[in-house]
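Please read these numbers as outputs of a predicted model, since none were measured by experiment. Counting starts at 1 for both ligands and their atoms, in listed order. For the single chain, residues carry numbers from 1 onward in sequence order.
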Amino acid sequence: MLNFELYNPTNYVFGKDQMQKLATLVPKGSKILLAYGGGSIFKNNVHAQVIKYLDGFEIIEFGGIEPNPRFETLMNAVEIVKKEKITFILAVGGGSVIDGVKFISGATHYEGNHMDILKNRVLFTDLSKVIPFGVVLTLPATGSEMNSGSVVTIEATKEKLVLGGSALFPKFSICDPTVIASLPKRQLENGVVDAYTHVMEQYLTYPHDAILQDRIAESILQTLVEIGPSVVENPTDYKLASNFMWCATMALNGLIQKGVPSDWATHMIGHELTALYEIDHARTLAVIAPSLYKVMFETKKDKLAQYGERIFNVSGKSVEEKAEQAIEKTIEFLHKMGMQTKLSDYTPDYEKTADFIVNRFQERKWVALGEKQNITLEKVKEIVEMSY
Ligand code: NZQ
Ligand code: ZN
């Protein structure tokens, strides 16, 4: 097993009626910026509950954080935080609102060009230089409620870039599974597939000696295969909703990444598809992942075979046969979860996509991706073209 440090300071507050703990979780006397997205929180009563349970606090609201949050929008919030001397931010929403708040938290005291936070992948590690924040989660998917990563899009350049650092963990995250009842089916499907792919990025590499990590990762995958198709049909079923929400958090709160190699190339390529065509994050992963497994077959086949046997009960005479079946089973699952797995299903203008992405990666000097750093730009081109 590789050496690791496991640091996760987020107070994870899970279950029904947990929003009433807000007043004790937010530091006394805070001046709060309540940040939210396009307004779903007004329709499902989450906003009303938050306001009720924060009675007595001074609150300023900032709405309009887009899905795939925009740098330009978030900078408006940074100005408000400074002008109003905000001392605590509450993110009420899905991954986009939470990620947006992480950016606002770090950017407020950042000296220099704020765009460099994204262009240079700044890591925020000094707690005294960020605005503390908490979360009321409304969409299980990204794991952002219990990690310190964030993905922000620069509208001007159509680039989707990441930031993070140990100072950007939420102080607390209230995760009430009943909130998923109001999610459109498309977002529920996205949530399951995003969480599934997060596990795959950290698991589907090559055989190594972190036995427990493999078993934890596999248990999340198995749970998502078991409940995914039903939870999107029955989001009010508490058993399904609660297991789904916990899976999504566990998939990306840092635990399964410890001691193991990880890939993340599906996400890196997928982010480009969202930046270019505004395809939902999870749907870009469903487009790229199957091709990536095929192009990187030699590197991944042993782990693919293990995954196929343990998750889908595949059997076969050789590693190759089992690995191929594992890829087919994965595609079947993605289709079952409402995903289309070809880029041409989403845009008629796909033909120059591979060259565009390769050029971008070259400009950023991202010339070797994946767990073995053997996903070269030629391979990236092959993966994207295979996804057309
Ligand atoms: O904006 P509102 O009106 O709230 O509506 C949202 C939005 O339209 C809606 N929604 C959320 N909760 C709802 C609801 N509608 C009804 N009822 C509810 N309870 O759902 C839509 C999508 O929301 P969004 O936050 O964009 O979705 P998601 O949670 O999937 O987040 C996606 C973003 O997270 C990034 C993605 O790249 C993307 O920008 N990611 C962040 C990661 C991280 N920080 O660790 C990792 C991920 O891999 C991912 O890259
Ligand atoms: Zn993701």
Can you tell me which portion of [X] lies within the under-4.0 Å heavy-atom range of ligand 1? Options are side chain, backbone, both, or neither.
X	result
L183	both
H271	side chain
D99	side chain

Take atom NZ of K342 as the centre, draw a 6.0 Å sphere, and report whether it contains more than 12 heavy atoms from other residues, nucleotides or ligands. yes

Atom NZ of K82 with >12 non-hydrogen neighbours under 6.0 angstrom: yes

Nitrogen or oxygen of [X] less than 3.5 angstrom from that of ligand 1:
X	answer
V97	no
G95	yes
G39	yes
V179	yes

Identify, for [atom], the protein heavy atom at the shortest distance, and state residue, atom and that distance.
atom	answer
atom 39 (O) of ligand 1	N68 OD1, 3.1 Å
atom 8 (O) of ligand 1	P67 CG, 3.8 Å
atom 27 (O) of ligand 1	L139 CD1, 3.3 Å

Numbering the atoms of ligand 1 from 1, which are under 4.0 Å from a heavy atom of [X]?
X	answer
G149	44 (N)
N44	17 (N), 18 (C), 19 (N)
G37	1 (O)

Close side-chain approach of I357 to R360, heavy-atom, < 4.5 Å: no

Determine whether I227 and L240 make a side-chain contact, defined as any pair of heavy atoms from C-beta on separated by less than 4.5 Å. yes

Sub-4.0 Å heavy-atom approach of [X] to ligand 1:
X	answer
G93	no
G143	no
L252	yes

For Y307, all residues meeting ring pair (Phe, Tyr, Trp, His ring centres under 6.0 Å), sequence neighbours excluded: F312

Tell me whether the centres of the aromatic rings in F42 and Y36 are closer together than 6.0 Å. yes

Does the gap between the ring centers of Y350 and Y277 come in under 6.0 Å? no

Between N68 and the options V152, V151, T274, the side-chain contact (heavy atoms from CB on, under 4.5 Å) test singles out T274

Shortest non-hydrogen separation from V97 to G37 and the atoms involved: CG2-N, 3.5 Å

Of all heavy-atom pairs between Y203 and K303, which one has the smallest distance, and what is that distance? O-NZ, 2.9 Å

What's the count of protein N, O or S atoms under 2.8 Å from the Zn ion (ligand 2)? 4

Tell me which one of E66, K160, H198, E201 gets a heavy atom nearest to atom 36 (C) of ligand 1. K160

Heavy-atom proximity to atom 32 (C) of ligand 1 ranks first, among S96, P235, A181, S148, for S96

Is there a ring-ring contact (aromatic ring centres under 6.0 Å, His included) between F133 and F88? Walk through the geometry before answering. CA-CA 5 Å; F133 64 95; F88 194 87; 7.8 Å; no

